[in-house]
Amino acid sequence: MRVPRDGRDSHNELSGTVHGAVVQAGAVHGGIHIRSQESSATRTPWQLPPLVRVIDRSPELAALERHRTRAARDGRSALAAVSGLGGVGKTTVALRWLHTLRPHFPAGQLHADLGAQSPEGPTQPGEILARFLRALGVPAQQVPAMLAERTALYRSLTANQRLVVLLDDAATAAQVRPLLPAGGSVTAVTSRSRLPGLTVDGCYPVHLEPLTSEAAVELLADTLSDERVTEQPADARALVELCAGLPLAVRVAGARLAARPERGITTMVRALTEEHQRLEALAIDGDHNVRAALDLSYQALPPSAARLYRLLGLHPGREFDASVVTALSGVAHEAEEPRATELLEVLHDASLLIDAAGERHRFHDLVRLHAASKAQEDEAPQERTRAIRRIADHYLASATRAEEIIDPQHRTMARDYGTVPLVVADVGPDSDAALDWLERELPTLMAVIHQARSAGFPTVCWQLADALWPLFLRRKFYDDWCAAHQEGLAAARELGDVAAECRMLTSGGVGELGSGNPDRAREMFEQAAQLFLDSGDRLGHARTLNYRGLALYRLGRQREAAELFLRATTELPANGDHRAGGLARFNLADVALATGQAEEAVRHADAARTTLQGAGDTYNAARAATLLGRAHLVLNRLDQAEELLSSALAALRGMTANYETARALGNLAEVAERRGRTHLARDHYQEALDLYSSVGRSQSEEAESTRHRLRQLEGGESGV
């Protein structure tokens, strides 16, 4: 069952590609299906970041490889956890090990940052699993909604594959466990914690200590790439001791010296000694030397680069591209892009930024904290507020642009930007690219939503949640869906904006419905209905009839759901939304067929089909034809059933709508059975089963019924 979101000018096109919001009820006729060009064929991902040189970690690397060899000999997956304080080189060691394994693990490499140190908190394993499944070739619309189902599918896909997986910056063993592949794969986990809970999973722990003085000196020499370490060995040792053997600190200090080849190492030693009292903000496990190294690099930056560094410290996400730098400049002009790139290069040269995939950039977590502290120290409060707002408006404008590309006919509510000019990111030329951009930026977009209210921008909070609708609808990030709309709802109520509150309630309620919380969804829909009623918005109130009916249907209260759907069939057209009235009629037919009222189902489904065809909604018109054909089949009107189901099948095949195609095929197979066309019925049943499997519904009620009837046919029974 499908209905549009609330809003006066909503135009949803559900002919395979969905424009706007659609939901549906029940398991039998359930699932939001979106036209996709993705193949279900397995892909070979190669996601590991580039390798950098490792200094004196051969004992740890040898131990990791021995563990892998033992696991392979025993026919087990290999799991290892590399722990240590921030900046000690955990990821570098893991990458050094895993990169050597590529020739032996042809199924590919998966990588995820689990975000233990992220300002918005650790990433949910369900989100990572969805990304892994898509990387392995599972189309977005086929990724299951529930964590347990995603875990099961992931382990099924990896059972016979040899993969390498890097899970970076883990918070807990519980966060890691659903992400472990099956089969003979290798997984490395990095974390500041030792994660003892993973020992029950056969994990081999490796804890990294800071480098020895000898190794740290070698790292310093590698960073400088000149003769100063050889010529000034005592100063080199003193410098790395001030850095406490932390590779990050050694490299930052070394990069500073490398930029000044005429200076002796003693200059840096003297500076660090003088400034070591300023390290308290970045002290970790008694290390009081990292901030001094970072302070010195910061002080050596040109003024424009230093200001960019501290303003980027206000960015709430883990990584960013050059468009964020342009937005922070406050000048939306193409000439600013080269300038942004130049400033970013200055920060990279100073070892204050790290390359991320796709021409993106990120801070090491300690460096990000340092940059943020410099923003607090060196920027006036009003300048910090302006910078945060420029970042927020940049992401709001970019997400809105993506929304417009994906759903050009969808009614987007007004956006209240606080800064001009706006800088909009390149979100891609088409809907697929725009969806990919939204997904890639989702952690940052969620961080902006969470930051916006406390920063004094409640409008950004709810409007950004609203802009994420097409991503949530298509790729089912239910945890983020619900969290974003909870924040947006609180922001709308803080503003006293009734229209925004209604949007957050209805859109958020759809997310709760998809998450398996029909009681919560119904409560939200009822609140929206009352608000629409109080404000005199008849169309908005009429649209909630479908929403409320869907929640009741999910709760098993079919009679009450039917009453609301029946009201919607008259109130929606009366208020100008004929297409939504057609969907209400479809919902009514669905309930009628489920409750044994086949003649009523015929009447409502036929009316729904006519209305939806007139509205140009060929996808839902085809679904209505399938439902109508099924009703005729129940009434044993085989000619009418076959004609309707065949026309529905022809339309659905051209939309890559595998789930609905499978349902039409299953019904056509029953028609063939009743007419004694056993071979045709068997072919239809088998194709339907294949399609159910392709969309992750192989264990659904429809698939089980199809499988049962196919077994009967193959056993020589008619099954009728």
Side-chain angles (χ1 to χ4, degrees), residues 1-2 12-19 22 24 28-40 139 141-142 579 582-583 585-586 589-590 593 598 601-695 697 700 702-703 705-706 709-710:
M1 303 182 179
R2 302 172 183 262
N12 295 330
E13 298 293 300
L14 293 180
S15 53
T17 301
V18 181
H19 302 288
V22 194
Q24 77 179 46
V28 175
H29 306 290
I32 296 174
H33 305 287
I34 304 141
R35 186 174 183 176
S36 172
Q37 299 301 320
E38 294 182 84
S39 168
S40 60
Q141 70 270 27
Q142 298 174 21
R579 178 183 171 279
L583 289 170
R585 185 76 71 175
F586 176 91
D590 201 7
L593 192 58
V602 166
R603 183 167 67 86
H604 292 307
D606 190 43
R609 184 188 182 208
T610 300
T611 300
L612 293 167
Q613 283 177 331
D617 189 347
T618 54
Y619 173 70
N620 277 314
R623 292 180 63 238
T626 299
L627 184 59
L628 183 57
R630 178 62 184 167
H632 281 299
L633 181 59
V634 170
L635 294 167
N636 206 33
R637 299 168 184 165
L638 301 186
D639 288 340
Q640 296 97 316
E642 185 171 19
E643 179 182 355
L644 287 160
L645 292 168
S646 296
S647 68
L649 181 62
L652 292 165
R653 282 194 190 279
M655 302 176 189
T656 322
N658 288 358
Y659 176 75
E660 293 295 341
T661 302
R663 294 182 62 234
L665 279 166
N667 290 324
L668 273 172
E670 288 191 45
V671 173
E673 264 197 279
R674 296 190 189 188
R675 287 181 160 163
R677 301 171 185 170
T678 304
H679 291 295
L680 179 60
R682 184 183 294 113
D683 290 345
H684 284 334
Y685 281 135
Q686 186 59 60
E687 185 181 357
L689 276 178
D690 293 341
L691 290 172
Y692 282 131
S693 296
S694 75
V695 293
R697 300 295 295 271
S700 65
E702 301 98 321
S705 175
T706 301
R709 298 187 76 91
L710 183 59

First locate atom OG1 of Thr626, then atom CG of Leu633, and finally report the distance between them rounded to the nearest 0.5 Å. 12.0 Å
Using 0.5 Å steps for rounding, measure from the OG atom of Ser705 to the CG atom of Leu710. 11.0 Å
If we only count heavy atoms from C-beta on, is the Arg674 to Asn636 side-chain gap below 4.5 Å? yes
Could you state the interatomic distance from CG (Leu689) to CZ (Arg709), rounded to the nearest 0.5 Å? 12.5 Å
Residue pair Ala641 / Gly629: nearest heavy atoms and the distance that separates them: CB-O, 3.4 Å
Test of understanding: with side-chain contact (heavy atoms from CB on, under 4.5 Å), list the residues that count as partners of Leu680, not counting sequence neighbours. Ala672, Arg677, His684
Who are the salt bridge (Lys or Arg N to Asp or Glu O under 4.0 Å) partners of Arg603, not counting sequence neighbours? Glu600
So do His604 and Leu627 actually touch side chain to side chain, heavy atoms under 4.5 Å? no
Gap separating the CG atom of Asp590 from the CZ atom of Arg585, nearest 0.5 angstrom: 14.5 Å
Heavy-atom nearest pair, Asn620 first then Arg579, reads ND2-NH2, 3.9 Å
Between Ala648 and Ala625, the two heavy atoms sitting closest are CB-CB, 3.9 Å
Quick check: closest heavy atoms across Ala631 and Ala601, and the distance to 0.1 Å? CB-CB, 4.1 Å
Distance check, rounded to the nearest 0.5 Å: Arg630 atom CZ versus Leu593 atom CG? 7.0 Å
Distance-only donor-acceptor hits, side chain of residues 605-612, under 3.5 Å, sequence neighbours excluded:
| unit_1 | atom_1 | unit_2 | atom_2 | d |
| --- | --- | --- | --- | --- |
| Thr610 | OG1 | Asp606 | O | 3.1 |
| Thr611 | OG1 | Ala607 | O | 3.1 |

Might you confirm whether atom CD of Gln613 has over 12 heavy atoms from other residues, nucleotides or ligands at distances under 6.0 Å? yes
Supply the atom-to-atom distance Leu628 CG to Leu644 CG, rounded to the nearest 0.5 angstrom. 4.5 Å
